Undergrad: 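First the structure, which I've put down as structure tokens, then a few questions once you've had a look.
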Amino acid sequence: MSWTGVLDVAGAVCLLAGAFLCLAGAIGILRFRDTLSRLHAATKPQTLGLIMLLLGLALTLRTWAAVTSLVLLTFTQFFTSPVSAHLVGRAAYRTGNVDKEGLVTDELSDALDRQGWDPTK
């Protein structure tokens with residue numbers, strides 16, 4: 001088997017693994033019960049799934065233009081996903097859409113109490 005055949009097989013495996021991770025994240029969003037669990041399912045497997053898809057595309061296409069675009073998309077995903085998850089989690093906490101009994105530690109309530117934040121405002 002030539003190197004192009006090996007790269008095509010590796011690309012196909014990465015594409016299938018990425019598609020599976022994206023599917024697992026979508027199922028997690030539908031099945032989990034609270035906002036923070038759904039947020040976890042929306043960010044962790046989706047990010048890794050997209051990166052696996054982009055890696056599979058890079059291995060399959062093998063052109064510099066495609067690879068540089070896919071690397072740019074990967075870095076964009078790495079920088080935007082944690083920030084958006086953090087902001088959605090804080091907004092859910094502040095609006096009361098979080099199951100506080102399910103939290104192991106609640107550091108945000110201590111910080112909000114020190115600031116004098118009132119959830120009834």
Side-chain angles (χ1 to χ4, degrees):
M1 184 181 271
S2 66
W3 281 106
T4 57
V6 171
L7 290 175
D8 285 339
V9 169
V13 168
C14 287
L15 287 170
L16 288 173
F20 174 74
L21 285 169
C22 288
L23 176 67
I27 291 171
I29 290 172
L30 293 175
R31 299 278 305 185
F32 287 154
R33 61 180 172 83
D34 65 336
T35 305
L36 296 180
S37 298
R38 288 180 179 169
L39 187 61
H40 179 78
T43 55
K44 303 293 182 187
Q46 292 292 345
T47 302
L48 184 59
L50 179 66
I51 290 169
M52 291 294 289
L53 286 171
L54 295 176
L55 178 64
L57 281 173
L59 290 173
T60 304
L61 296 176
R62 293 186 295 272
T63 63
W64 284 109
V67 170
T68 54
S69 297
L70 296 173
V71 167
L72 181 64
L73 285 171
T74 302
F75 283 130
T76 303
Q77 180 68 24
F78 267 135
F79 291 130
T80 58
S81 181
V83 172
S84 63
H86 178 76
L87 292 175
V88 169
R90 285 181 68 102
Y93 187 89
R94 287 177 181 247
T95 58
N97 292 325
V98 173
D99 180 23
K100 293 186 180 180
E101 286 80 31
L103 296 176
V104 176
T105 58
D106 189 3
E107 296 172 353
L108 187 56
S109 68
D110 297 336
L112 292 175
D113 289 341
R114 284 192 305 267
Q115 292 177 357
W117 181 72
D118 185 17
T120 61
K121 288 183 182 178

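Heavy atoms only: backbone and side chains are in, while hydrogens, waters and symmetry mates are out. Quick caveat, the model's predicted, so the values are computed rather than measured.
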Undergrad: Give a yes or no on whether L53 and L73 share a hydrophobic cluster (residues Ile, Leu, Val, Met, Phe, Trp, Tyr; joining criterion: side-chain heavy atoms under 4.5 Å apart).
TA: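 L53 clusters together with L73.
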Undergrad: I want to check something: taking the side chain as every heavy atom from C-beta on, are D8 and R62 in contact at a cut-off of under 4.5 Å?
TA: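 Heavy-atom side-chain distance check passes, below 4.5 Å.
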Undergrad: State, yes or no, whether a side-chain contact exists between L72 and T68 at a heavy-atom distance under 4.5 Å.
TA: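 Not in contact.
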Undergrad: Taking all non-hydrogen atoms of both residues, which atom of A85 and which atom of L39 are closest, and how far apart?
TA: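 Closest approach of A85 to L39, heavy atoms only: O-CD2, 3.2 Å.
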Undergrad: Compare every heavy atom of A66 with every heavy atom of L61, then report the nearest pair and how far apart it is.
TA: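 Closest approach of L61 to A66, heavy atoms only: CD1-CB, 3.8 Å.
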Undergrad: Verify the cluster assignment for F79 and V71: are they in a single hydrophobic cluster under the rule of side-chain heavy atoms below 4.5 Å apart?
TA: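 Same hydrophobic cluster.
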Undergrad: If a pair satisfies side-chain hydrogen bond (donor to acceptor under 3.5 Å, both in side chains) and one of its residues is in residues 75-85, list it, with sequence neighbours excluded.
TA: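 Every side-chain hydrogen bond (donor to acceptor under 3.5 Å, both in side chains) pair that includes a residue of residues 75-85, provided the two are not neighbours, is T47-Q77, T47-S81.
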Undergrad: Can you give me every donor-acceptor pair (side chain of residues 14-34, partner residue at least two apart or in another chain, under 3.5 Å) with its distance?
TA:
from	atom 1	to	atom 2	distance (Å)
R33	NH1	D99	OD2	3.1
D34	OD1	S37	N	3.4
D34	OD1	S37	OG	2.6

Undergrad: Check side chain to side chain contact (heavy atoms under 4.5 Å, CB included) between V98 and all other residues, then give those that pass, not counting sequence neighbours.
TA: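 By the side chain to side chain contact (heavy atoms under 4.5 Å, CB included) rule, V98 matches L36, A92, Y93, L103.
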Undergrad: Transitively linked via ILVMFWY side-chain contacts under 4.5 Å: V67 with F75?
TA: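 The answer is yes; both residues are in one hydrophobic cluster.
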Undergrad: Please round to the nearest 0.5 Å and tell me the distance separating atom OG1 of T95 and atom CZ of R90.
TA: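 Atom-to-atom, T95:OG1 and R90:CZ are 12.5 Å apart.
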Undergrad: Please check if L7 and L55 belong to a single hydrophobic cluster, counting links between Ile, Leu, Val, Met, Phe, Trp and Tyr side chain heavy atoms closer than 4.5 Å.
TA: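 Yes, L7 and L55 fall within the same hydrophobic cluster.
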Undergrad: I need the minimum non-hydrogen distance between P45 and H40, along with the two atoms involved.
TA: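 Heavy atoms of P45 and H40 come nearest at CD-O, 3.6 Å.
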Undergrad: Rounded to the nearest 0.5 Å, what separates atom CD1 in I51 from atom OG1 in T74?
TA: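 Nearest 0.5 Å value for the CD1-OG1 distance: 5.5 Å.
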